[in-house]
Amino acid sequence: MKRTEIREIFDNPSQHMGEEVTVCGWIKTARESKRLGFIELNDGSQLRNLQIVIESEKIANFDEIFKENVGASLIVTGTLEETPTAKQLFELKAETVQVEGHSAPDYPLQKKQHSFEFLRTIPHFRARSNTFNSVFRVRSVAAYAIHKFFNENGFIYSHTPIITGNDCEGAGEMFHVTSLDFNNLPLDEAGKVSYLGDFFGEPANLTVSGQLEGECMAMAFGKIYTFGPTFRAENSNTARHAAEFWMIEPEIAFADLDDDMALAENMLKYVIKYVLEHCKQEMDFLDELADRELLDRLTFVSNSEVEVITYTEAIALLEKSPKAFDFPVSWGCDLQTEHERYLTEQLFKKPLFIINYPKEIKSFYMRLNEDEKTVAAMDLLTPGIGEIIGGSQREERLDILIKRLKECGLSEADYRWYTDLRRFGGTKHAGFGLGFERLVMYLTGMNNIRDVLMFPRTAGAAL
Ligand code: 4AD
């Protein structure tokens, strides 16, 4: 069967006008009067539907077709005709219509607008709704744009392990991976679980970040990035935390924090521009859903400089703020969502880098600044989402790194391979992690991380 995609017809209508084409898709809406029926058909190649016109006199199974429910799949052969006076510029006059798959009458997606809460209860159907179809296409295009950006700039795509023995962020929020029998756990002499008989012979977990392994690759290739799934057993039931999410982690050798921020900003602007250019239908649809603010916001961001302030300056601004925060602010505290939102949404009204955080609230691998109180870290905050990027210049000085490992209660022996990177040709280097779902939320205007993942895994929910 020679099949033509609906997108191809919309992209080049004049080439197909008057021609016979076969399209395959799903019924979005159907209406009929006595002799004439109209079906809006969508085949997933674009957001827009193709109008199919079916005449009862020409089509023997006319009655059967219009007994079908929304969601049924059809194969339609017909002739493309111009309809200059109608809402759509052309339509397909059907010659044959074959029902490929029925849709039962209790199909949950009907023409009316469904709430996101309801749609979350049917994740297996969500991609068929206009909103989620748009979100997931933007997700795909944004992923491609990220690969394109890094490849055009000479970065090596590195696949870091999913199963690992280390806890990069040191927060202990890991999912354990084991082949031990939970109903009969082997214990050591001290009464603790013994991993000797476990698959790996030692504790293992799902990775929280590919950064440490990424650093190994950066010390060979100079510029690398990872793009893969990461897992965190954070029990935070918020609209921005998922237990399984995707992260992009570039790592650059011979680079400092300024180089790192420049890379993050260039990448972000590149992806925004690429999505605006390649997802016009979807972005228009989502813009309408977001009260026409989305496109203006993204265009503004892609054309303006990102502000940079230090953590110390951020604290001073928060302390001066007339707003009463639930979490009190003082130097040394971790910034909470309400603080981040105040800074980006109310004070700066645009994305903002905050740099040089106190070492106590950041990870062991971040480079200690000269003040010996702060580290060369950066977080990129965006209005509506908060932190979408976390990164730093890495500690390249072996003695200081070992001291930091100890201070953080980590074993030097476990990180021998990591400290080896400083023993053998270490360089100044930096990198960051971009939370892909948070980026997709920012690009699409979706407010809940559950709505940018096909089957979201969050605390208490894994369908
Ligand atoms: O700030 P984080 O924890 O940084 C790291 O993991 C570093 N190893 C990155 C690096 O320097 N290579 O996480 C990075 C980003 C955050 O800014 C956020 O966007 C996202 O990952 N993130 C999450 N996204 C969804 N759900 C969660 N539970 C997330 N935790 C972090």
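In what follows, every heavy atom counts, from backbone to side chain, and hydrogens, waters and symmetry copies are set aside. Every number for a ligand or one of its atoms is a count from 1 in the order of the listing.
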Using the rule side chain to side chain donor-acceptor pair (under 3.5 Å), only one of Gln281, Arg7, Glu8 pairs with Gln46; which is it? Gln281
Would a line drawn from the ring center of Phe325 to the ring center of Tyr342 be shorter than 6.0 Å? yes
Residues forming a side-chain hydrogen bond (donor to acceptor under 3.5 Å, both in side chains) with Asn151, sequence neighbours excluded: Tyr225
Per-pair distances, 0.1 Å, donor-acceptor, side chain in residues 400-407, under 3.5 Å, sequence neighbours excluded:
from   : atom 1 : to     : atom 2 : distance (Å)
Arg404 : NH1    : Glu407 : OE1    : 2.9
Arg404 : NH2    : Lys359 : O      : 3.4

Is there any ring pair (Phe, Tyr, Trp, His ring centres under 6.0 Å) pair reaching into residues 422-452, and which pairs are they, with sequence neighbours excluded? Phe227-Phe436
Can you list every protein residue that has a heavy atom under 4.0 Å from any atom of ligand 1, sorted by chain and residue number? Cys168, Glu169, Ser209, Gln211, Arg232, Glu234, Arg240, His241, Ala242, Phe245, Met247, Glu249, Tyr365, Glu387, Ile388, Ile389, Gly390, Gly391, Arg394, Gly431, Phe432, Gly433, Gly435, Arg438, Ile449
Contact between Tyr418 and Leu212 at the side-chain level, heavy atoms closer than 4.5 Å - yes or no? yes
